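For clarity, every value in this text was computed on a predicted model and none was experimentally measured.
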Amino acid sequence: MRRLSFILIAIIATTFVANSQPRALGLRAGMDCQLSYEHGMSSNDFIEVDLGVEFVYGYAVGLNAAAGYNFMVAQPKWTQKGEWGFYAGPAVKMGYLWVGGYLAVGAQVGLEYNFNFPLQVSLDIRPAAGVAIEGGSCRIYGAEAILGSIPCLSVRYRF
């Protein structure tokens, strides 16, 4: 199972690298801390993939992954240097905590700023709801969706 997961991740990463669209790599932090990768699909949409550690009450309790397909909703000209952008789109989130795992769907909404040099800063929220499996029982993963509404700050290097 680990080999299959590694092969799938390698194929996806190779596909992203082969494409010549703009990309960004950095950190996303809020209720969890994630390595964040953003891949531009066109001038108006991009894919964001995040892998990281989930925290509850200040303790690392598991690993999580999230992916979203975001669309630029607006790009206001608030400054003469750099670029602003509001984005939104569907997202999926999955993880394995010390008590069990979960799979959820939701949305991501955010605001980003691209400096004139290769740095990108964004602030977003990603609420989600789905199914959680804990101790052999299944429940609705929804109360934790409130935690997804806590803003996360991302800082990425653009290349």
Item checked: side chain to side chain contact (heavy atoms under 4.5 Å, CB included) between V155 and Q120, worked out -> CA-CA 6 Å; V155 178; Q120 176 188 75; over 6 Å; no
Check: Between Y157 and L25, does a side chain to side chain contact (heavy atoms under 4.5 Å, CB included) hold up when you go through it step by step?
Finding: CA-CA 5 Å; Y157 173 75; L25 182 65; 5.6 Å; no
Next item on the list: Applying side chain to side chain contact (heavy atoms under 4.5 Å, CB included), run through D50 and N64 and close with a yes or a no.
Entry: CA-CA 8 Å; D50 303 318; N64 63 20; over 6 Å; no
Check: Taking it one step at a time, do E54 and K93 satisfy side chain to side chain contact (heavy atoms under 4.5 Å, CB included)?
Finding: CA-CA 12 Å; E54 194 153 334; K93 183 178 179 181; 4.3 Å; yes
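Cluster annotation: L111 and Y113 are assigned to the same hydrophobic cluster (Ile/Leu/Val/Met/Phe/Trp/Tyr, side-chain heavy-atom contacts under 4.5 Å, transitive). Both F159 and L35 sit in one connected hydrophobic cluster of ILVMFWY residues. Membership requires side-chain heavy atoms under 4.5 Å apart, directly or through other members.
In this structure, CZ in R139 is found 4.0 Å from CD in E134, a value given to the nearest 0.5 Å. Taken to the nearest 0.5 Å, the OH atom of Y96 stands 10.5 Å off from the CD1 atom of I133. Here C33 contributes atom SG and L27 contributes atom CG; the two are 5.5 Å apart, rounded to the nearest 0.5 Å. Atom CG of L63 and atom CG of L97 lie 9.0 Å apart (nearest 0.5 Å).
Using a 4.5 Å heavy-atom threshold, the side chains of D124 and V109 count as separate. A 4.5 Å side-chain heavy-atom check between C138 and V131 finds at least one atom pair inside the cut-off. Side-chain atoms of E48 and S36, non-hydrogen and from C-beta on, do get closer than 4.5 Å to each other.
Counting only residues at least two apart or in different chains, salt bridge (Lys or Arg N to Asp or Glu O under 4.0 Å) contacts with residues 29-38 comprise E38-R156. Within the structure, the salt bridge (Lys or Arg N to Asp or Glu O under 4.0 Å) test picks out no pair touching residues 95-116 (sequence neighbours left out).
The nearest pair of heavy atoms linking G30 to C152 is CA-SG, 3.7 Å.
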Compile the donor-acceptor pairs under 3.5 Å between side chains in residues 68-84 and protein atoms, sequence neighbours left out, one pair per line.
unit_1, atom_1, unit_2, atom_2, d
Y69, OH, D45, OD2, 2.3
N70, OD1, G89, N, 3.4
T79, OG1, K81, O, 2.7

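Between the side chain of R28 and the backbone N or O of L123 there is no donor-acceptor pair closer than 3.5 Å.
Here the two rings, on Y87 and F46, have centers that are under 6.0 Å apart.
A parallel orientation is assigned to the rings of F115 and F117, their planes being inclined by less than 30° (bins at 30° and 60°).
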